[in-house]
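In what follows, every chain begins at residue 1, and chains take the letters A, B, ... in the order their sequences are listed.
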2 protein chains.
Amino acid sequence: MSNRDGLRERKKEATRQAISDVATELFVARGFDNVSVAEIAEAAEVSRMTVFNYFPRKEDLFFDREEESRQILKAAFAERPSGEAPLITLRRLVQRLADRAHPFAKFTDATAKFWRTVAESPALSARAREMRDELIDDLATVLAGAIKRPLADADARLAASMVVTAVTVAYAEGLREHKARRSAASTRETFLQIMERSLSGIAIMLKGTPYA
Amino acid sequence: MSNRDGLRERKKEATRQAISDVATELFVARGFDNVSVAEIAEAAEVSRMTVFNYFPRKEDLFFDREEESRQILKAAFAERPSGEAPLITLRRLVQRLADRAHPFAKFTDATAKFWRTVAESPALSARAREMRDELIDDLATVLAGAIKRPLADADARLAASMVVTAVTVAYAEGLREHKARRSAASTRETFLQIMERSLSGIAIMLKGTPYA
DNA sequence: CTAAATATTATACTGAGTACAAATTTATGG
DNA sequence: CCATAAATTTGTACTCAGTATAATATTTAG
């Protein structure tokens with residue numbers, strides 16, 4: 001029998017999902033810090049060790065989509081018209097994410113609750129910050145790759161840091177507007193406006209480099 | 001006897017300093033994560049509880065100057081010529097820190113070692129990121145205060161995030177140059193140049209607001 | 001069916017951080 | 001100087017995340 005969809009693989013995926021599901025349920029009900037890994041294991045009818053087997057850190061039970069942002073960046077630069085300035089590619093990417101209401105540019109009660117849970121937990125907040133820094137590194141690498149530099153240079157690191165900061169601020173302001181009961185169109189407009197302002201400023205910072 | 005400089009107060013300060021000193025020594029010698037609080041307590045001839053009494057978290061034993069950046073910001077805006085755009089105040093502040101080789105703009109073997117120790121410890125890195133976010137909040141508040149807004153608004157938050165990001169990147173590049181054995185003048189120039197480029201871009205982002 | 005490969009579990013440990021009460025040290029008022 | 005109040009230090013016992021390791025159970029392959 002094949003390795004890929006044998007009984008073993010199916011069971012693994014099932015237990016992983018079961019653990020993740022039960023953990024999410026407990027987290028939203030009682031808050032991340034008020035649920036122990038032992039409780040999750042018990043509720044998922046699995047041993048504590050098995051939980052750590054699938055999710056090395058407790059925070060991994062909450063943040064399941066770490067890989068996704070990396071893929072989005074790669075895809076955007078893979079499809080980009082040759083010769084287009086990397087900063088323009090990013091501008092188009094942001095527009096598209098907003099148009100398609102992608103989770104990274106969506107403001108609903110669900111996303112608000114998600115980030116409130118994060119804000120209420122020091123451990124989750126720390127992990128979110130860590131992921132933000134990892135994203136900066138990834139973006140710097142992708143940017144350098146786009147202009148055929150093997151390694152990220154100082155300009156790429158500046159660009160990446162600034163763009164990720166811009167998204168962070170724009171997203172936070174979008175969430176803020178949502179919580180203030182503004183319309184979806186309004187929050188989307190706020191998000192895009194901050195991104196536009198930021199990107200035009202970043203373009204100035206990168207004038208004379210191959211990135212802008 | 002007065003409360004301020006009685007025996008009790010002096011002893012408290014002495015033990016606090018003793019704990020901090022012995023901890024720093026152990027950390028630089030063996031790395032933050034390879035030294036337990038119990039060891040520090042033993043080396044400082046004090047109980048484990050006393051260590052936690054003075055330093056609620058282990059990371060506090062390493063980062064002793066959290067308050068300082070806050071004070072520098074406040075002072076800079078307290079002394080600023082009335083009517084000066086806040087972003088100009090910050091530009092002058094950066095120049096002055098570089099001129100005076102303040103720790104936040106200084107690149108020596110000591111600072112390099114300090115930040116290497118941070119980079120080698122997940123816990124210290126996490127704390128550094130947390131402090132960075134706290135600094136952003138503080139700066140946003142100070143910026144809003146400078147134009148007589150009681151609360152930080154979206155523009156202040158954007159400005160603060162971008163400025164702190166700029167300093168972070170500029171400082172990191174300065175450290176990088178130092179590690180590559182470039183001259184002190186060169187690292188200083190790199191730092192200032194990144195700050196200048198960044199601030200001119202940030203000025204564009206803030207055009208039409210009272211901050212730029 | 002057997003044996004190798006892999007997943008799960010039990011157990012025991014380290015280390016940070018907390019709660020709380022007991023013991024010690026310093027301050028203060030007579 | 002003494003007694004007592006106030007503050008500091010300590011001991012003890014706990015919770016919880018995370019790691020190491022060996023034993024056990026389950027799936028796969030021959």
Side-chain angles (χ1 to χ4, degrees), chain A residues 1-20 22-24 26-27 30-63 118 120-128 130, chain B residues 1-20 22-24 26-27 30-63 118 120-128 130:
Chain A
M1 216 165 240
S2 144
N3 241 356
R4 216 177 294 281
D5 69 350
L7 175 57
R8 180 167 282 170
E9 291 300 315
R10 270 182 291 126
K11 274 206 171 180
K12 270 185 76 170
E13 198 45 42
T15 43
R16 183 198 176 85
Q17 197 59 49
I19 293 168
S20 176
V22 80
T24 301
L26 289 172
F27 289 155
R30 292 165 36 202
F32 185 80
D33 295 324
N34 301 318
V35 179
S36 72
V37 174
E39 278 181 285
I40 295 164
E42 194 177 7
E45 289 176 308
V46 99
S47 90
R48 207 179 73 103
M49 275 305 303
T50 299
V51 176
F52 280 117
N53 224 9
Y54 285 98
F55 305 92
R57 293 193 251 136
K58 191 186 170 189
E59 292 84 2
D60 299 335
L61 285 161
F62 191 81
F63 291 117
V118 173
E120 279 167 359
S121 159
L124 285 184
S125 298
R127 181 70 183 116
E130 190 183 6
Chain B
M1 216 165 240
S2 145
N3 243 357
R4 217 176 297 279
D5 68 350
L7 176 58
R8 179 167 283 171
E9 292 300 315
R10 270 183 289 127
K11 275 208 172 178
K12 270 186 76 172
E13 199 44 42
T15 43
R16 184 199 176 85
Q17 197 58 50
I19 294 169
S20 176
V22 80
T24 301
L26 289 172
F27 289 155
R30 291 165 37 203
F32 185 81
D33 294 324
N34 301 318
V35 179
S36 73
V37 174
E39 278 180 285
I40 294 165
E42 194 177 6
E45 290 177 309
V46 100
S47 88
R48 209 179 72 104
M49 277 303 304
T50 299
V51 176
F52 281 116
N53 224 8
Y54 286 96
F55 305 93
R57 301 214 211 126
K58 190 186 171 188
E59 292 83 2
D60 299 335
L61 285 162
F62 191 81
F63 292 116
V118 173
E120 279 166 0
S121 160
L124 284 184
S125 298
R127 182 69 184 115
E130 190 182 6

Determine whether A:E130 and A:R127 satisfy the following criterion, salt bridge (Lys or Arg N to Asp or Glu O under 4.0 Å), listing intermediate values before the conclusion. CA-CA 5 Å; A:E130 190 183 6; A:R127 181 70 183 116; 3.1 Å; yes

Which pairs with one or both residues in residues 41-54 of chain B pass salt bridge (charged side-chain N to carboxylate O under 4.0 Å, His left out), sequence neighbours excluded? none

Rounded distance (Å) that lies between atom [atom2] of [N] and atom [atom1] of [X]:
| X | N | atom1 | atom2 | answer |
| --- | --- | --- | --- | --- |
| A:R10 | D:dT26 | CZ | C1' | 14 Å |
| A:R16 | C:dA7 | CZ | C1' | 15 Å |
| A:D33 | C:dT18 | CG | P | 12 Å |
| B:R57 | C:dA16 | CZ | P | 14 Å |
| A:E9 | C:dT8 | CD | P | 10 Å |
| A:N34 | D:dA17 | CG | C1' | 15 Å |

Can you tell me if [X] touches the phosphate of [N], counting only side-chain N or O atoms and a distance under 4.0 Å to OP1 or OP2?
| X | N | answer |
| --- | --- | --- |
| A:K11 | D:dT27 | yes |
| A:S47 | C:dA10 | no |
| B:T15 | D:dT9 | yes |
| A:Y54 | C:dA7 | no |

By nearest-heavy-atom nucleotide on DNA chain C, the more 5' of B:S36 and A:M49 is A:M49

When B:K58 and A:E45 are each assigned the nearest nucleotide of DNA chain C, the 5'-most assignment goes to A:E45

With a 4.0 Å cut-off, would you call B:R10 and B:E13 a salt bridge? no

Here the side chain to side chain donor-acceptor pair (under 3.5 Å) pairs for residues 51-61 of chain A, sequence neighbours left out, are A:T15-A:Y54

Parallel, tilted or perpendicular: which describes the rings of B:F27 and B:F32, with under 30° parallel and over 60° perpendicular? tilted

Regarding the side chain of A:F52, the nearest nucleotide among D:dT9, C:dT9, D:dT19 is D:dT19

In terms of the nearest nucleotide of DNA chain D, which residue is placed more toward the 5' end: A:V35 or B:V46? B:V46

Do A:R48 side-chain and D:dG18 base share a donor-acceptor contact under 3.5 Å? yes

Which part of the nucleic acid, if any, lies within reach of B:V51 when heavy atoms closer than 4.0 Å are counted: base, sugar-phosphate only, or nothing? nothing

